[in-house]
Amino acid sequence: MPRNRPPLPDPVSLLESPPWRKKVRQKLLRWYAGAARDLPWRKSRNPYHIWVSEVMLQQTQVATVIPYFARFIDQFPTIDSLAVADEEQVLRLWEGLGYYRRARQLHRAAREIVATHQGQFPSNPTHVERLPGIGRYTAGAILSIAFDARRPILEANTIRLFSRLLAYDGDPRSAHGQELLWRAAEILLPRREIGQFNQAIMELGSLVCTPRQPACGTCPLRSLCPTFAANLQDEIPKAARRVQYEEIHEAAVVIWRGRKVWLRRCVEGERWAGLWDFPRFPCQTSDKEADAYLVQEKAERQSQSRLGNLRQWTQMKHGVTRFRIQLTVFQADFLQESSIAEGTNPTASESRWITVSQLNELPLSATGRKIAQQLSKPPVAQRKNTSARKS
DNA sequence: AACTCGGGGTC
DNA sequence: GACCCAGAGTT
């Protein structure tokens, strides 16, 4: 039996109390003045810098972004320089961050800004939200931080913070929860220092109001927090339903032609669009013999060549979104080009034969890069691996 | 409302 | 392993 607790306050009635809101703002801004981290994108209010950082930070942790941000701004210091760059260059700098659509949309948006806003990042919210890759959160973040516009934000940190601060025990991801929390983000905004306020709520969520074991003891808002009062910080916000992982097996093939290997560019609509990859496809593992046969057939179809000496080389595991992938990497030798009738290869895409050292210049997926790195290891180490096969 | 999209950090 | 991350876009 749960012991009796005082009833939680109604979130809306808290929000409608001006004195409560005023205290939240004051305590928050005072705390932030002394606790703000010195992050690279906080060195200026250059809208372009803020924009790049916000896109990189989508579903990506601060610590991960920092080195990428520095390299990116170094390479593309202005919107114009990004706009004239090749997409491949942009993706190469993004490699390892994931969600590569972000990089392509950032690049496209830069071109749009050059074309329609003379290379100046727009300050009109309608224009900003129309840019590819910029949704309600990112628009609000850029506009408030760079221009001090009075726009709300709602993201992982503030969803958690507001859920607790309002003792909202519903699902913050539901339509109702989102409506309430966006309303909170809006009504809590101060009249000035909007950018500081928005960064402060994220900072507090990130450093103090953490998912597990929040530091309520040092929280500047603890006296205003009904969740802390009820000791419910481990139950609020409600946990997300856990993901159903799916185990799948894939094969990739390193096709050798002399000292070069074959790669294709992933096309629009498939995973890793715009990145280069070795031929890769799902495979079963129930029957090893049939497996090798199918792998060869599919690799031949993709590369439009006849292959020989297919041998299993190495295995790796990796997770992509909800998939747990067991990747078996083969090597094979190019024998001759195969003439496949026009139209029988709907997945045909741009492709190249390139040396292993040239792989450094192409954007690859994480496993693609892992394969490339193993290929450039000393041959001794490779022979050691391949000799592990049955003799 | 429920997917998809990646990769790494963290306990 | 399971959970989480300064979300956007599509179905």
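Proteins get letters first, then strands, A, B, ... in listed order; numbering begins at 1 in each.
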Can a donor-acceptor pair be found, under 3.5 Å and without considering hydrogens, that links the side chain of A:E250 to the backbone of A:C283? no
To the nearest angstrom, the CD1-P distance between A:I134 and C:dG9 comes to 8 Å
Checklist entry - Do NZ/NE/NH1/NH2 and the carboxylate oxygens of A:E129 and A:R136 come within less than 4.0 Å? => result no
Is a side-chain donor or acceptor of A:R150 paired with a backbone partner of A:I194 at a separation under 3.5 angstrom? no
NA contact type, A:V62, heavy-atom cut-off 4.0 Å: base, sugar-phosphate, or nothing?
sugar-phosphate
Expressed as a whole number of Å, how far does the C1' atom of B:dG9 sit from that of C:dA8?
-> 22 Å
To the nearest angstrom, the CZ-C1' distance between A:R242 and C:dG1 comes to 10 Å
Report task. Look at all strands and tell whether A:T138 reaches a base, only sugar-phosphate, or nothing, counting heavy atoms closer than 4.0 Å. Result -> sugar-phosphate
- [ ] Please measure how far the C1' atom in C:dC3 lies from the corresponding atom in B:dG6, and state the result in whole Å.
- [x] 16 Å
Note: for A:R42 and A:Q105 on DNA chain C, the residue whose nearest nucleotide lies more 5' is A:R42
Evaluate whether atom CD of A:Q120 has more than 12 neighbouring non-hydrogen atoms of other residues, nucleotides or ligands under 6.0 angstrom away.
no
- Query: Taking the side chain as C-beta and beyond, is there a heavy-atom pair between A:L106 and A:W94 under 4.5 Å?
  - Reply: yes
query: Is a side-chain donor-acceptor pair under 3.5 Å present for A:Q199 with A:R42?
result: yes
- In whole Å, what separates the P atom of C:dA6 from that of B:dC3? 25 Å
(Q) Using a 3.5 Å distance criterion without hydrogens, assess whether the side chain of A:R160 forms a donor-acceptor pair with backbone atoms of A:C209. (A) yes
Atom CD of A:E155 and atom C1' of C:dA6 are separated, to the nearest Å, by 4 Å
Just by modelled atom types, is the A:L232 backbone N or O under 3.5 Å from a matching donor or acceptor in the A:E235 side chain? no
Rounded to whole Å, CD of A:Q326 lies from P of C:dG1 at a distance of 11 Å
query = NA contact type, A:A156, heavy-atom cut-off 4.0 Å: base, sugar-phosphate, or nothing?
reply = sugar-phosphate
task = Examine distances only and state if a side-chain atom of A:Y168 and a backbone atom of A:L181 form a donor-acceptor pair shorter than 3.5 Å.
result = no
Taken to the nearest whole Å, CD/A:Q244 to P/C:dA2 is 10 Å
Rounded to whole Å, OH of A:Y137 lies from P of C:dG9 at a distance of 14 Å
Touch check for A:W41, heavy atoms < 4.0 angstrom, all strands: base, sugar-phosphate only, or nothing? base
- Message: Using salt bridge (charged side-chain N to carboxylate O under 4.0 Å, His left out), reason through A:E87 and A:R265 one step at a time and then give a plain yes or no.
- Response: CA-CA 12 Å; A:E87 184 186 288; A:R265 192 159 192 245; 3.2 Å; yes
When rounded to whole Å, the CG to C1' distance for the pair A:L106 and C:dG7 reads 14 Å
Tell me what A:R369 touches on the nucleic acid: a base, only sugar-phosphate, or nothing, going by heavy atoms under 4.0 Å.
nothing
Residues in residues 158-180 of chain A with a heavy atom under 4.0 Å of DNA chain C, by number, are A:R160
Counting primed atoms, P, OP1 and OP2 as sugar-phosphate and everything else as base, the B/S/- map of nucleotides 4-11 of chain B against protein heavy atoms under 4.0 Å is SBBBBS--
Separation of C:dA8 atom C1' from A:W51 atom CH2, nearest Å, is 15 Å
